[in-house]
Amino acid sequence: MGNSNGSSVEELQAAESHQWYRKFMTECPSGLLTFYEFKQFFGLRNLSDVSNNYVKTMFTTFDLNDDGFIDFMEYVAALSLVLKGGVQKKLRWYFKLYDIDGSGCIDRDELLLIIKSIRAISGIPNEMSAEDFTNMVFDKIDINGDGELSYEEFMEGVQQDEMLLRTLTESLDLSHIVQKIQGEIRGNK
């Protein structure tokens, strides 16, 4: 009995993977997703320069081999992170996304830029300004007060502050985009 249940889960995952592959290849017949196609794929149009730069940074973090394209395996890795990634993996990705210049630290300007971009894309009103939120993050987790968040400060600080963890996780929740794509996949069956 246990094996039949395990196989049905595997069959479901295989069927879902096949549907994701079909969607990917339909949208991107070359098998390599460019930045322009990435934006089209997720329905991101008419973005401001700031928001466009944020999406470009997101694209770059998904482009694991830095070749300027997202191939199917990188696409699956990104979906896996969004759908099934644990807190540690997501925070590690958030850090990489926020560290725009790749210095290994996040400064106030980088965090402020990303927060503003995320808010512009999501369109969800917020009680706290992006500047106030950025200042709060640094006040809470910049342990040594140097104006930069190291990877360790970021990981420990966010995980120890439930409100920050929830806010950052919700602000970068891409599941609504994934659900939209899944709906399109089901509609094309």
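Please read these numbers as outputs of a predicted model, since none were measured by experiment.
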Hey, could you give me the [atom1]/[atom2] distance between [X] and [Y], rounded to the nearest 0.5 Å?
{"X": "D63", "Y": "D67", "atom1": "CG", "atom2": "CG", "result": "5.0 Å"}
{"X": "F72", "Y": "M25", "atom1": "CZ", "atom2": "CE", "result": "9.0 Å"}
{"X": "N144", "Y": "E152", "atom1": "CG", "atom2": "CD", "result": "11.0 Å"}
{"X": "Q160", "Y": "K140", "atom1": "CD", "atom2": "NZ", "result": "12.0 Å"}
{"X": "T60", "Y": "K96", "atom1": "OG1", "atom2": "NZ", "result": "8.5 Å"}
{"X": "F59", "Y": "F38", "atom1": "CZ", "atom2": "CZ", "result": "7.0 Å"}

Measure from the side-chain N and O atoms of [X] to the backbone N and O of [Y], and report whether any donor-acceptor pair falls under 3.5 Å.
{"X": "E148", "Y": "C105", "result": "no"}
{"X": "E37", "Y": "C28", "result": "no"}
{"X": "E156", "Y": "E153", "result": "no"}
{"X": "N52", "Y": "K56", "result": "no"}

What verdict does the side chain to side chain contact (heavy atoms under 4.5 Å, CB included) test give for L164 and F133, after you've listed the backbone C-alpha separation in whole Å, the side-chain angles of each residue and the deciding distance to 0.1 Å?
CA-CA 10 Å; L164 274 181; F133 180 77; 4.1 Å; yes

Here the pair of heavy atoms bringing D99 nearest to I106 is N-CG1, 4.1 Å

Minimum heavy-atom separation for F69 to E74, with atom names?
O-OE1, 3.0 Å

Grouping I, L, V, M, F, W and Y whenever their side-chain heavy atoms are under 4.5 Å apart, do [X] and [Y] come out in a common cluster?
{"X": "F138", "Y": "I143", "result": "no"}
{"X": "V158", "Y": "M128", "result": "yes"}
{"X": "Y94", "Y": "L112", "result": "no"}
{"X": "M163", "Y": "I141", "result": "yes"}

In this structure, is the centre-to-centre distance between the rings of F62 and W93 below 6.0 Å?
yes

If you count every heavy atom of other residues, nucleotides or ligands that lies below 6.0 Å from M73 atom CE, does the total exceed 12?
no

Other residues, nucleotides and ligands only: do more than 12 of their heavy atoms fall within 6.0 Å of CG on D49?
no

Please walk me through it: do L165 and D161 pass side chain to side chain contact (heavy atoms under 4.5 Å, CB included)?
CA-CA 6 Å; L165 180 60; D161 189 305; over 6 Å; no

Assess the side chains of T134 and E131: does a donor N or O sit below 3.5 Å from an acceptor N or O?
no

Going through the checks in order, is the side chain to side chain contact (heavy atoms under 4.5 Å, CB included) test met by D71 and L33?
CA-CA 6 Å; D71 62 29; L33 195 63; over 6 Å; no

Just to verify, which of L111, D107, L149 counts as forming a side chain to side chain contact (heavy atoms under 4.5 Å, CB included) with Y98?
L111

